[in-house]
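Reading through the structure tokens given below for one structure.
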Amino acid sequence: MGMVVQHNMNALNAYNKLNANVAGLKKSSEKLSSGYRINRAGDDAAGLAISEKMRSQIRGLNQAVRNSQDGINMIQTYEGAAQESHSILQRMKELASEASNGTYQNEVDRDAIQLEFDQLNDELNQIADTDFNGVVMLNGGQTADGTKAINGKFDYANGTRDAKQLGKADVKMLDYQQFDDTKVTAATGATKADTAWKALFSSDRTNAPASDDGPDFFEATYQYDASTNTWSAIKATNGVDKGDLTVATTDNGGFTVTAGGVQMSNVTMNKSSLMNGDTITLKYNNPATVTKAPSNATAEVANSTLKGAPTPTAAGSTVTAPTGAGTAGSAGSQAALGVNDANLIVDVNKSVTMTQDIEDLFKLLEGATVTGHYVDGTATAKGDMTINFSDPGVAAVNNADDVTRTVGTTEFTFTAADDGVTIKAGTTIIAKLSMTKQTGTTAGEGASGDVTWNIKLAEHAYDNSKVPTVEIVEDKSKVSNANSNSAATAPMTYTDHLVLQTGARTKDSVDFTFNYATDGMGELKANLNISSRADGLNTANLSLNTQEDANYAIDRIDNAINKVSMVRATFGATQNRLEHKITNLTTTSENLQEAESSIRDTDMASEMMNYTKFNILQQAAQSMLAQANQQPQSILQLLG
């Protein structure tokens, strides 16, 4: 080739070789830096495709190992719960064997054994609620408080359950409102508690503590009808006719109960949690003793100008109850007053039902100063009497005059007569203040003058503990009750069929289905339910109250033990399978990882040789390019 200027082929050839060496050095450097032989599809298209499939399989296998380990953890959790159920059943078997011995009394010994037996049944139900990450498998789709799973979910707000007797945990509020000894009916003057009680019984609480004041309590059971959204009384005890209880359903899901026009109770509960047929029993208590009336009433003379008074009546002598006072209580005290031998008798009607207004009246009288003026004007008659009270709310009371004083909502009347002053509420005599003195045989021989007394009234406190009360009767057939989940918000699901993904492919799974023969378990079903309910271990209704019942329970508990054994055996068999599964998955993953490595990873020693080669060639090509660029310079010599 001649000497040319336009095309320096030596330089072009050196330049191309330089680019090729730079590209080779770049790829070699990338492989050495990443550690991978294939960094892009161009490095090895077929190898990349195979490698990516292997990578997918390896990652699937590694996740399957974790899934299998989660499955083992779940199984260990449930199997641990079943293990404790086994321990409980063994104790129940021991109790049943103990109760079957003929040396025990049914009413004492076996009843005591039954207490523990019932507690163990309750605990079986709560153990069956054991969950793993919110998944429940052992309770048959029903929690210990009765909530049933709907489409595999426990919906506490709207879930279904069997009808039950409601207890304190199901009721938001219980109020007896007007059923109270402090509130008096305008029509009869009696308290509203008395009015309600009298409507239910032929007796009257206002005569308490007489023997005919009705029973100490009665119980009434009410039932909910979901079809009509109403409550009704279905049962009452101690002589109460359920028809005399007027039940009105309220918007809050509860109801009110009225008797004789008086509201005795008001129950509030969550309407959305009610189930058709739910019942609740309320106990209405009538105090054995009504609120205390005043007693031990006395008076002390502060001053006296009485003259000619006879010998006083002995202290503590019997005083006849005032007319209209009803059944007489114990007599009020009668004391000799000392000064001129004057006597003031404070006679309290203890048969009166105590109210807050009467209490407040006696608070006004206690410590009050009473002044009486007596004139004995005839030979055979007692003297006229005028009484002045220090309380400005009560005017002076003269013979045959009436003075009124309103305390609270009650109007009290003070009526004076020859022998003293009577205090009434309506027509009911509350108390009487009287002076006893002898009359002379001729005018002027009796006592006359003024006497001032200070009244003392002890034990007249209004006792609020004696008012009627209403309480909720818990289910007497249960020793303990599970807490209600009605306020729960955390979701829980139920399943008795669990699929564990234990491989990289769809078909690689463990179908955990509890299924086995029921031979040796009697009537028990082949399922995962290890609660004490009928569809589980069926021990809830077993009784140890008699020797025959205990013998029957022994066989049934044996069946339950066999079922729990099968449940645990199934868990154990599945766990062993999963442990082998993990070993196989780990080995497969290891082998695939090695295969993928041989395709994808860089042979560092071999690649280092390439790197060295391309590095030297790059420098050589660069040097040759520099020399080729110098060759056209010789043409200038020809031109010179």
Heavy-atom side-chain contact between [X] and [Y] under 4.5 Å:
{"X": "Arg533", "Y": "Asn538", "value": "no"}
{"X": "Ile561", "Y": "Ile557", "value": "yes"}
{"X": "Asn101", "Y": "Gln547", "value": "no"}
{"X": "Lys242", "Y": "Lys235", "value": "no"}
{"X": "Tyr224", "Y": "Ile280", "value": "no"}
{"X": "Val136", "Y": "Tyr78", "value": "no"}
{"X": "Ile127", "Y": "Ser85", "value": "yes"}
{"X": "Ile58", "Y": "Ser589", "value": "yes"}

Short N-O contact, [X] and [Y], less than 4.0 angstrom:
{"X": "Arg568", "Y": "Glu79", "result": "yes"}
{"X": "Lys27", "Y": "Glu30", "result": "no"}
{"X": "Lys31", "Y": "Asp43", "result": "no"}
{"X": "Lys93", "Y": "Asp558", "result": "yes"}

Shortest non-hydrogen separation from [X] to [Y] and the atoms involved:
{"X": "Thr493", "Y": "Lys153", "answer": "CG2-NZ, 3.8 Å"}
{"X": "Asn551", "Y": "Ser100", "answer": "OD1-CB, 3.2 Å"}
{"X": "Asn133", "Y": "Asp131", "answer": "N-OD2, 3.9 Å"}
{"X": "Leu282", "Y": "Ser265", "answer": "CD1-OG, 3.8 Å"}
{"X": "Gln501", "Y": "Asn67", "answer": "O-ND2, 2.9 Å"}
{"X": "Ile38", "Y": "Gly47", "answer": "CD1-C, 3.7 Å"}

Residue list, salt bridge (charged side-chain N to carboxylate O under 4.0 Å, His left out) with Asp44, at least two apart or on another chain: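 With sequence neighbours excluded, Asp44 shows a salt bridge (charged side-chain N to carboxylate O under 4.0 Å, His left out) to Arg37, given in chain and number order.
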Whether Tyr222 and Phe255 hold their rings parallel, tilted or perpendicular, with breakpoints at 30° and 60°: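 Tyr222 vs Phe255 ring planes: tilted.
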Crowding at CZ, Phe132 (>12 non-hydrogen neighbours, <6.0 Å): yes
Asn591, CG: over 12 other non-hydrogen atoms inside 6.0 angstrom: yes
Arg577 to Phe571 six-membered ring, cation-pi geometry met (6.0 Å, 45°): no
